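First up is the structure itself, then whatever we jot down about it.
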Amino acid sequence: MDKELKTVNTASSDITAENIEKLKELFPEILTEKKIDFEKLRLILGDEVDDSPERYNFTWNGKKQAMKLAQQPTTATLKPNKEKSKNWDDTKNIYIEGDNLEVLKLLQKSYSNRIKMIYIDPPYNTGKDFVYKDNFHDSIKNYLEQTGQIDSDGNRMSVNVETSGRYHTDWLNMMYPRLKLARNLLTEDGVIFISIDDNEQSNLIKICDEIFGENNKIGPIIQNKKNSKNDTLDVQRNHEFIVIYRKGAKYLDGTKEKSTLENEVVKLRDLLEEDGEFYYLNDPITTRGMGGTLQARPNLGYTVYFHPETKEKIAISDYDREKIENSNDEDEVYETDIEMLEKGYVPIRPPKVRGKLGAFTWDIDKFNSEKKNIVITGKLGKYVVRKRTFVPKKEVKFIDGKPFFEQKLKSNSRSIIDFSTNEGSNTLTDLFGESGIFDNPKNVGMIEYLLSLVVNDENAIVLDFFSGSATSAEAVLRLNAQDGKNRRYILAQLPEKIEKNADAFKLGYRTICAIGEDRIYRFGNKILEEKPGLKNKLDVGFKVFELSNSNIKKWDSETMDLNEQIEMQLQNIYSDTNNFDLVYEIMLKQGLDLSLPIEETKMNDATIYKIYKIAYGTLFIVLGTKITVDSATEIIKIVKSSKLEKVSIVFQDTGFANDNEKLNAIEILNAGGIKYDNILSV
């Protein structure tokens, strides 16, 4: 048997190859001699193919190259930096320093279909901000040049002035591949929010229509900045836009793992009425200020008595109408039925709205007639009455006889929201104790509001790949502190250098990343000081990774240097690489979550790293200078004692003490039940 092991693929996902495989699955007949027969595909699609020269199309100079750029794999990696991180061993939050195009490519294997929400605040293309100048041939080299890690006369990022002949084109070429890659990362019911102003809003809508589908457009929302700017001769621009798209429909049936929202819908299918209506999301039954207070609608005030064990719901009209105008004290207006309390019922009344007694949406008769559509949520004696709304069956998509639903925002989302842009700066000033740290940071309350519209899953992941001052991270932490959930964030930011005359530079910050990381660090400490009960409950840590060249030497078939080829055969790992760097590169290239815990076992001059994930299985990585059969024996011992399944192993191929140790190690693993195809080398 040939004992040459398959090697770990050091490149990111090959999106082109993956798309071809999807086409083959849908239309196997289009495969002719291992190539796609597009003429046959056109015949299959029939009239759906539009080849008219005057068809509707949005294009610009460089669009084809931008599309190719999104599909071109990268061999870069993300190197961990423990010194910049906080609570490395326990946190699941990730901060990445690097060009977001390369970062998005690297995240494809590990986070495809896993991001619940993306929020980005890209350059607005005002003529004063920067636009990334991507290079189709070697993006990682250009990134290293821009960040000063290698010498070059080139510059990766430049001001996109309005006098540029390709002013809008440069911006479109920057945004298109990044949005294309971002879509792949969203869950099927995931949503993306993009802040933008008038300069490129129309173009952004067009490329998002193309990438996400026009039918998946949810927004835009208009943000009233609550401050006027005299930046135009005609109309003051005191607003911005938040463009919103969903990824698509979500499958309701089958054996696939379901999200929290999906599980809720599936459970409610048992309650379908005879006309076939599908129950949808839970919305508040209280008006919460949108429909008036108890004084305006006294017939909407009553007490709902709820029995936590029997789940019985009883509505009793017991408030004193005469006292409504003269008192805002719930105890004076309402009378509590002591007998109901003795029977174990809990009284629930409408919450206050703007300091005044609130009112339910339905009167007591409507409540009683709609009892089956009422749910009581909450715990520890704090309950909320909610109604179940539903959408007609005709509004639910059916594909091959299987029902789908679309992600929708909460019913209280508004098309115009008021969030001052000045408040973003004020928040940073309060946190740092200094003003002028960062120009135009986003309003944390606004992002927190957007998060609350869609990210209610317990362990949802939020991504921001234009993270700036890291406002998104603070928003996630604030929301988690409020409801006790464990949302996670992944932030990516180019480590742009700070100008020497800037206030931030004078305070010791050299890159934008340094500001963002310090902000997360400071806010985590602040919130635990204010709420010490959250200690060991709220994840305020973050792992820092830096975009870099691969730790693994790339084989160059064109080189004529024989000594270089021989050296690579003997040592294919760069000499300045440590085990920690290599472990995370292997995890990334094998599609593992970067937040997974790693266990170490020392074996003389070798180290076994164990990474365990339930859905994936267990990955063992064995690195060292003298790997022997002892490592294989130890792995089999761990596998059997822990009853592990789906085991994969990656060996440092040049680390074996000799060929016999390598051959015998493979035999031991095979005998222990680990298939040859699951043993790889690097």
Side-chain angles (χ1 to χ4, degrees), residues 78-98 103 106-107 110-111 114-119 427-428 431-432 437 441 444 447-448 451 455 457-465 467-493 495 509 511-547 578 580-581 583-585 587-588 592-600 609-613:
L78 299 176
K79 287 195 175 185
N81 189 322
K82 272 193 171 184
E83 291 183 2
K84 292 183 179 180
S85 305
K86 180 178 182 181
N87 302 343
W88 179 279
D89 293 331
D90 301 314
T91 187
K92 291 187 176 181
N93 299 315
I94 294 172
Y95 188 101
I96 303 172
E97 298 185 7
V103 169
L106 287 169
L107 296 180
S110 297
Y111 296 96
R114 294 189 59 202
I115 306 297
K116 180 70 174 183
M117 171 181 157
I118 296 173
Y119 171 80
T427 300
L428 274 190
L431 185 62
F432 284 82
I437 295 289
V444 67
I447 300 181
E448 189 179 345
L451 286 166
V455 189
D457 296 0
E458 176 67 24
N459 298 299
I461 306 177
V462 178
L463 170 66
D464 183 347
F465 52 89
S467 70
S469 67
T471 307
S472 295
E474 181 173 333
V476 170
L477 293 179
R478 284 174 180 259
L479 206 56
N480 285 346
Q482 291 174 27
D483 60 18
K485 293 186 178 178
N486 298 303
R487 301 172 188 85
R488 304 161 47 190
Y489 61 78
I490 300 175
L491 267 55
Q493 173 61 42
Y509 300 102
T511 66
I512 289 179
C513 292
I515 295 175
E517 290 159 8
D518 195 25
R519 176 183 190 166
I520 305 171
Y521 202 100
R522 287 170 180 260
F523 182 75
N525 292 342
K526 178 183 177 182
I527 200 167
L528 292 184
E529 288 174 5
E530 295 174 350
K531 300 180 179 181
L534 292 176
K535 189 176 182 180
N536 300 324
K537 295 180 181 178
L538 182 66
D539 182 359
V540 297
F542 56 95
K543 292 181 177 179
V544 175
F545 291 87
E546 298 170 345
L547 181 66
N578 61 54
F580 207 49
D581 294 343
V583 165
Y584 275 99
E585 176 163 6
M587 288 175 63
L588 193 65
L592 270 66
D593 193 320
L594 294 175
S595 69
L596 291 173
I598 301 171
E599 297 178 13
E600 292 185 31
Y609 298 89
K610 174 189 169 188
I611 304 101
Y612 176 68
K613 180 182 177 184

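Predicted model, so just to flag it, every value in this text is computed and none were measured.
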query: Does Asn87 reach the main-chain N or O of Asp90 with its side chain, forming a donor-acceptor pair under 3.5 Å?
result: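 Not at all, since once roles are kept as given, no pair shorter than 3.5 Å links the two residues.
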query: Just by modelled atom types, is the Ala514 backbone N or O under 3.5 Å from a matching donor or acceptor in the Thr511 side chain?
result: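 Yes, the answer is positive, given that a donor and an acceptor are paired below the 3.5 Å cut-off.
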query: Which atom pair, heavy atoms only, marks the closest approach of Gly468 to Ile512?
result: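 Answer, listing the atom of Gly468 first, then Ile512: O-CG2, 3.5 Å.
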- prompt: What are the two closest heavy atoms between Pro495 and Cys513, and how far apart are they?
  reply: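 Minimum heavy-atom contact is CA-SG, 3.6 Å.
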query: Could you walk me through whether Leu594 and Lys543 pass the side chain to side chain contact (heavy atoms under 4.5 Å, CB included) check?
result: CA-CA 9 Å; Leu594 294 175; Lys543 292 181 177 179; over 6 Å; no
Within this structure, what is the [atom1]-[atom2] distance for the pair [X] and [Y], rounded to the nearest 0.5 Å?
X: Leu588; Y: Leu78; atom1: CG; atom2: CG; value: 5.0 Å
X: Ser469; Y: Ile437; atom1: OG; atom2: CD1; value: 10.5 Å
X: Lys92; Y: Asp539; atom1: NZ; atom2: CG; value: 8.5 Å
X: Ile461; Y: Ile94; atom1: CD1; atom2: CD1; value: 8.0 Å
X: Glu546; Y: Lys79; atom1: CD; atom2: NZ; value: 9.0 Å
X: Tyr111; Y: Ile490; atom1: OH; atom2: CD1; value: 4.5 Å

query: Between Thr471 and Arg519, do the side chains contain an N or O donor and an N or O acceptor separated by less than 3.5 Å?
result: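 There is such a pair (donor and acceptor under 3.5 Å, judged by atom type) between the side chains of Thr471 and Arg519.
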message: Going by side chain to side chain contact (heavy atoms under 4.5 Å, CB included), name the residues that satisfy it together with Lys86, two or more places apart in sequence or in a different chain.
response: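 Residues passing side chain to side chain contact (heavy atoms under 4.5 Å, CB included) with Lys86: Tyr521, Asn525, Val540, Phe542.
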Under 4.5 Å between any side-chain heavy atoms of [X] and [Y], yes or no?
X: Ile96; Y: Leu491; result: no
X: Phe523; Y: Leu431; result: yes
X: Asn93; Y: Arg488; result: yes
X: Ile118; Y: Phe465; result: yes

Give the table of side-chain donor-acceptor pairs shorter than 3.5 Å for residues 475-486, with sequence neighbours excluded, one pair per line with atom names and distance.
unit_1 : atom_1 : unit_2 : atom_2 : d
Arg478 : NE     : Glu474 : OE2    : 2.9
Arg478 : NH2    : Glu474 : OE2    : 2.8
Asn480 : OD1    : Arg487 : N      : 3.2
Asn480 : OD1    : Arg487 : NH1    : 2.9
Asn480 : ND2    : Arg487 : O      : 2.9
Gln482 : NE2    : Glu448 : OE2    : 2.4
Asp483 : OD1    : Lys485 : N      : 3.0
Asp483 : OD1    : Arg487 : NH1    : 3.2
Asp483 : OD2    : Arg487 : NH1    : 3.3
Asp483 : OD2    : Arg487 : NH2    : 2.6
Lys485 : NZ     : Asn456 : O      : 2.6
Asn486 : ND2    : Glu458 : OE2    : 2.8

message: Working note: Trp88 + Phe545, criterion ring pair (Phe, Tyr, Trp, His ring centres under 6.0 Å); need CA distance, chi angles, decisive distance, verdict.
response: CA-CA 11 Å; Trp88 179 279; Phe545 291 87; 5.6 Å; yes
- prompt: Between Ser110 and Asp593, is a side chain to side chain contact (heavy atoms under 4.5 Å, CB included) present by the stated rule, with each step listed?
  reply: CA-CA 5 Å; Ser110 297; Asp593 193 320; 5.7 Å; no
- request: Step by step, work out the side chain to side chain contact (heavy atoms under 4.5 Å, CB included) result for Val455 and Tyr119.
  value: CA-CA 12 Å; Val455 189; Tyr119 171 80; over 6 Å; no
query: Checking side chain to side chain contact (heavy atoms under 4.5 Å, CB included) against Val544, which of Lys82, Glu517, Glu83 comes through?
result: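 Only one of Lys82, Glu517, Glu83 forms a side chain to side chain contact (heavy atoms under 4.5 Å, CB included) with Val544, namely Glu517.
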message: I'd like to know whether Tyr584 forms a side chain to side chain contact (heavy atoms under 4.5 Å, CB included) with Ile598, so could you lay out the CA-CA distance, the side-chain angles of the two residues, the decisive distance to 0.1 Å, and finally the verdict.
response: CA-CA 10 Å; Tyr584 275 99; Ile598 301 171; 3.5 Å; yes
